[in-house]
There are 2 protein chains.
Amino acid sequence: MNRLVDMQDALSQATTLEEFQTFVENLRAVYDLEHLVYHSVNSTGGQYAALTYEPVWVERYIEQDYARIDPVVQGCYRQFQPIEWKTLDWSTKASRAFLGEASEAGLGNQGFSVPIRGPSGQFALVSVNQKCNDEMWASFTSERSADLLLISHYLNEKALQIEGNPNRGPTRSLSPREKDTLTLLATGANRASIAETLKISESTLRVYIESARFKLGAANTTHAVAMALTHGLIVV
Amino acid sequence: MNRLVDMQDALSQATTLEEFQTFVENLRAVYDLEHLVYHSVNSTGGQYAALTYEPVWVERYIEQDYARIDPVVQGCYRQFQPIEWKTLDWSTKASRAFLGEASEAGLGNQGFSVPIRGPSGQFALVSVNQKCNDEMWASFTSERSADLLLISHYLNEKALQIEGNPNRGPTRSLSPREKDTLTLLATGANRASIAETLKISESTLRVYIESARFKLGAANTTHAVAMALTHGLIVV
DNA sequence: CGATCCCTCGCTATTTTGGGGGAGGGTTAA
DNA sequence: TTAACCCTCCCCCAAAATAGCGAGGGATCG
């Protein structure tokens, strides 16, 4: 387990994306893997990765927006547990084509990916890739799964830290009533029913909505609710 | 590290909530902690926990809906890293009252919590609690933080497995246009400006909003955006 | 080849929200 | 004792969103 301790030490030194990338490359070498990938995905198509794949493949992946069809990404997105690539559904046409291209780009036949989730819907995955037979791979993944979980956690922690956390700006705190209001709005209730629930007049309710909007600098109610959610001010 | 392996074995036997609860109790004993808590806060406001707190405290916690003001829950909700309770903000009146009650209920002065997130916005936290001085606690948490991360992961995996995923079944995935739409709505844009941004007519845009609402079972646009956010379908 | 979904656009009401004003009384901290 | 919040309530009117209909063309999959 020394490797993990060393890793944390080395990782704590990294403060830039370049150092992060170098770290991932070193980690690949230490574990004697074909490839190691940290891949952060967000739903709007933005993505950031530190990886050891061929640049050509990476470029094509981004250009073709393969994250949308990549069975590994899609599979991880719906699971909590790490995923063995072999267990994924490679039957669709798109998947097959994707697999073919990936093989050509030098990816091994074995793969294992760990989903990681952070606040505000942040999502990333750490994948390891190898060329070997099923038996050897099963042995590797069962022995190293705990390591991989921890590595994934530390990598994501570092990535979030380097990217800077999005909760920038002095978000003024909301009053209890404002929280109640936004929370109920987030459940889809309209002003009339919320007023009834909170046993106040709709006029009063409007004051809360408006003051919450003002405090958050939100353009409208939906915006205010979205901001409150992503800033963790309310939990629905 | 044998303890962790044993733990996984023992946990794999558990198939019911009662066994899960017993497992948590045993784990508390093994690590010689005052308390150990697995607390799942689901997005509809419901919560499920396996813990070693006094039943009276648990009842009060649920009855008063303390999850909404509990600084540990609130803090974990917006962090990726585990949290040391001492670093939280205990200055507000509600926090202080909460802390007072918690102490009376037998909670120790030291605490450490690990946030865990699963698919569809699932959120849980694992907390450990102890009565001891700062130095001893710092030593414990630094030595055991990796253990705790893994424990949290395995506990959540098991909890998800036991609970099954019936409530998250009908969440159909959103089409790209629907995601675009909800994402822009979450930024506070109105329909006119979104239509302009996406270079489509407002009529078309309305179809997306309505189909997204329908798919998510949302009562209105704000609800749909909130659901998409908490389920991790969009990221702002 | 039909079912199903996605993308695109239109119409007329009706309902809901938002903007901009007020007002009074309570608590808390400088 | 002020100032700065917080909670509560009211008015009018304009703007925006929603409900409930419709239409056609394209891709995909069984």
Side-chain angles (χ1 to χ4, degrees), chain A residues 65 68-69 71 74 89-98 170-227 233, chain B residues 69 91-97 170-226 233:
Chain A
D65 202 8
R68 285 198 194 268
I69 61 155
Q74 299 301 319
D89 176 26
W90 295 98
S91 63
T92 71
K93 213 172 93 182
S95 298
R96 245 171 232 293
F98 177 77
T171 310
R172 291 175 63 192
S173 64
L174 298 172
S175 77
R177 279 313 212 188
E178 287 159 357
K179 282 187 194 177
D180 291 343
T181 301
L182 292 185
T183 303
L184 288 168
L185 281 169
T187 68
N190 60 18
R191 300 201 300 209
S193 68
I194 295 176
E196 200 181 346
T197 303
L198 296 180
K199 295 187 175 57
I200 54 177
S201 78
E202 200 176 320
S203 307
T204 304
L205 186 74
R206 286 187 49 189
V207 178
Y208 299 147
I209 299 174
E210 278 170 32
S211 61
R213 265 207 316 263
F214 178 76
K215 281 183 181 176
L216 296 170
N220 53 38
T221 302
T222 299
H223 192 195
V225 169
M227 291 180 82
L233 299 173
Chain B
I69 61 156
S91 65
T92 70
K93 209 173 102 182
S95 297
R96 261 198 296 262
T171 310
R172 279 199 288 162
S173 64
L174 298 172
S175 78
R177 280 310 212 191
E178 287 159 357
K179 282 187 196 178
D180 292 342
T181 301
L182 291 186
T183 303
L184 288 168
L185 281 170
T187 68
N190 60 20
R191 301 201 299 207
S193 68
I194 295 175
E196 200 180 345
T197 303
L198 296 179
K199 294 184 174 58
I200 54 177
S201 78
E202 201 176 320
S203 305
T204 304
L205 185 74
R206 285 184 45 195
V207 177
Y208 299 148
I209 300 174
E210 278 169 31
S211 60
R213 267 208 313 264
F214 177 76
K215 281 183 180 175
L216 296 170
N220 53 39
T221 302
T222 300
H223 192 196
V225 169
L233 299 173

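All values below come from the heavy atoms of this structure, side chains included, with hydrogens, waters and symmetry mates left out.
The side chain of A:Arg213 contributes an N or O atom lying less than 4.0 Å from OP1 or OP2 of C:dG18. Considering only side-chain N and O atoms, A:Ser201 lies under 4.0 angstrom from the phosphate OP1 or OP2 of D:dC9. For A:Lys215, a side-chain nitrogen or oxygen approaches OP1 or OP2 of D:dC6 to under 4.0 Å. Dashed line: the shortest gap from a side-chain N or O of B:Ser175 to OP1 or OP2 of C:dC7 is under 4.0 Å. Distances shown here put a side-chain N or O of A:Thr221 below 4.0 Å from the OP1 or OP2 atom of C:dG18. Here A:Tyr208 reaches the OP1 or OP2 of D:dT8: one of its side-chain N or O atoms lies under 4.0 Å away.
Between the CE atom of A:Met227 and the CZ atom of A:Arg213 there is a distance of 12.5 Å, given to the nearest 0.5 Å.
Whole-Å rounding puts the A:Arg191 CZ to D:dA16 C1' distance at 11 Å. Going from atom CD of A:Glu202 over to atom P of C:dG18 covers 11 Å, rounded to whole Å. Between A:Leu185 atom CG and D:dA17 atom P there is a gap of 15 Å when expressed in whole angstrom units. The CG-P distance, from B:Leu205 to C:dG10, rounds to 13 Å in whole Å. Taking atom CZ of B:Phe214 as the reference point, atom C1' of C:dC6 lies 15 Å away to the nearest angstrom. The separation between B:Asp180 atom CG and C:dT8 atom C1' is 15 Å, rounded to whole Å. Remark: C1' of C:dT14 and CG of A:Asn190 are 14 Å apart, rounded to the nearest angstrom. In this structure, CD of B:Glu210 is placed 6 Å from P of D:dA19, rounded to the nearest angstrom.
Each of B:Val207 and B:Thr222 was matched to the nucleotide of DNA chain D holding its nearest heavy atom; the match closer to the 5' end belongs to B:Thr222. Ranked by how close their nearest DNA chain C nucleotide is to the 5' end, B:Ile200 and B:Glu178 are led by B:Glu178.
One N or O donor and one acceptor, one from the side chain of B:Arg206 and one from the base of D:dG20, sit under 3.5 Å apart.
Residues A:Leu198 and A:Arg177 have side chains in contact (heavy-atom distance under 4.5 Å, counting atoms from C-beta outward). Taking 4.5 Å as the limit, some side-chain heavy atom of A:Leu174 sits within range of a side-chain heavy atom of A:Leu216.
Around the CD atom of B:Glu202, the shell of radius 6.0 Å holds more than 12 heavy atoms that belong to other residues, nucleotides or ligands.
In this model, no donor atom of one side chain and acceptor atom of the other lie less than 3.5 Å apart for B:Thr183 and B:Asp180.
Residue B:Ser211 is classed as having no contact, given no heavy-atom separation below 4.0 Å to the nucleic acid.
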